[in-house]
Amino acid sequence: EELNMPPKKRLSEAEVATLTKWVDMGAPWPLSNAAIPAESAPVTKTKPPFIGRLHPVLVHFPIACLLLAVLAESLVVLRGTTWRPVTAFLLIIGTAAALTAVISGTWLAQDMTAAVQRHQILGWVTLIGATATCGLLFLNRRWPLRIALIATAAAAGLTGHLGGNLVYGQGWIL
C-alpha cells in the first residue's frame, strides 16, 4: 500500500532532489544488477539558435500590445476619437511583434509534437488576425475592427496559454 501512487503525503525535499537528479541524467532504467552512479556529469543542454532564444521575450510583447489595443479601442468607444492613434499604434506594433514571434517560434520548433503544432498554428492565426485587423484600421471600418481586434487578442491569449503549457506543463495558470 505504501508504494501505491499517488502517495498519501508529499515527497520530502531529498526525495524530490533525487528524482530531479535522475531525470536530469536522462531517467535511465537500471538493470537488475546495475547501480545508478552516485555522481554523474551534469547534463548540458544545447542552446537553440539565437533568434529562438528570444522567442519568450518576443511573444509577450505582441500579446500585451494586442490586449492594450483592445483597451485603447474601448476608450475610443467610451471617451471619443482622441484614443484612435493609441489603438493604431498598439495594433501596428503588436502585429509587427507577432510577426517576429512567429518567425522566432518557427526557428525554435525542433520537435513537432501535437501541442507544438497547435501552438504554432494559433501563432499564425494570431498573426493573420492582427494583419487583417490592421487592414480594417486603414479602411477605417471601426465596428468590424473592434470585433476582429477582440478575436485577435483572444487568439493571442490562447496561443500564450498553450505556450505556457508547453513550458510549464498542463494547468500552469490554476
Side-chain angles (χ1 to χ4, degrees), residues 16 19-20 23-24 26-27 42-174:
V16 170
L19 285 171
T20 302
V23 169
D24 287 343
V43 175
T44 57
K45 297 182 181 180
T46 59
K47 287 184 180 178
F50 177 71
I51 196 154
R53 291 193 304 264
L54 292 178
H55 182 70
V57 173
L58 297 174
V59 165
H60 293 98
F61 191 65
I63 292 171
C65 285
L66 293 171
L67 292 175
L68 287 172
V70 171
L71 177 64
E73 190 60 24
S74 299
L75 290 172
V76 169
V77 172
L78 296 173
R79 302 283 185 170
T81 59
T82 56
W83 285 93
R84 280 186 175 182
V86 176
T87 299
F89 176 76
L90 288 168
L91 179 57
I92 292 167
I93 296 299
T95 302
L99 175 63
T100 60
V102 166
I103 290 170
S104 70
T106 302
W107 220 301
L108 183 63
Q110 294 171 356
D111 60 339
M112 291 301 285
T113 63
V116 172
Q117 286 177 341
R118 280 192 301 276
H119 179 64
Q120 195 173 48
I121 289 168
L122 272 171
W124 279 101
V125 167
T126 301
L127 175 60
I128 291 166
T131 304
T133 307
C134 279
L136 293 169
L137 175 73
F138 289 115
L139 292 173
N140 200 24
R141 306 277 190 223
R142 295 318 282 196
W143 281 105
L145 174 136
R146 291 170 184 148
I147 294 166
L149 185 57
I150 290 169
T152 301
L158 183 56
T159 305
H161 174 70
L162 289 178
N165 284 345
L166 289 170
V167 173
Y168 301 110
Q170 293 289 335
W172 66 282
I173 286 182
L174 299 175

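These numbers were taken from a predicted model, which means no experiment stands behind them.
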So do Leu19 and Val23 actually touch side chain to side chain, heavy atoms under 4.5 Å?
-> no
Side chain to side chain contact (heavy atoms under 4.5 Å, CB included) against Ala154, all qualifying residues, sequence neighbours excluded = none
Between Ala98 and Pro62, what is the shortest heavy-atom contact and its length?
-> N-CB, 3.5 Å
Side chains of residues 63-72: which donor-acceptor pairs under 3.5 Å do they make with residues two or more places apart or in other chains?
none

Applying side chain to side chain contact (heavy atoms under 4.5 Å, CB included) to Thr20 and not counting sequence neighbours gives Val16, Asp24
One should read off an interatomic distance between Leu122 CG and Gln117 CD, to the nearest 0.5 angstrom, of 12.5 Å
Could you name each residue pair satisfying salt bridge (Lys or Arg N to Asp or Glu O under 4.0 Å) that touches residues 77-87, not counting sequence neighbours?
-> none
Enumerate the residue pairs fulfilling salt bridge (Lys or Arg N to Asp or Glu O under 4.0 Å) with a member in residues 66-78, sequence neighbours excluded, ordered by first and then second residue.
-> Glu73-Arg142, Glu73-Arg146
Interatomic distance, OG1@Thr82 vs CG@Leu75, rounded to 0.5 Å, equals 8.5 Å
What pairs with Thr95 under side-chain hydrogen bond (donor to acceptor under 3.5 Å, both in side chains), at least two apart in sequence or on another chain?
-> none
Do you know which two heavy atoms are closest between Ala155 and Val125, and how far apart they sit?
-> CB-CG1, 4.4 Å
Would you give the length of the straight line joining atom CZ of Phe89 to atom CD1 of Ile93, rounded to the nearest 0.5 angstrom?
-> 4.5 Å
In a table with atom names and distances, give each donor-acceptor pair under 3.5 Å that connects a side chain of residues 127-141 to protein atoms at least two apart or in another chain.
residue : atom : partner : partner atom : Å
Thr131  : OG1  : Leu127  : O            : 2.8
Thr133  : OG1  : Gly129  : O            : 2.6
Thr133  : OG1  : Thr152  : OG1          : 3.4

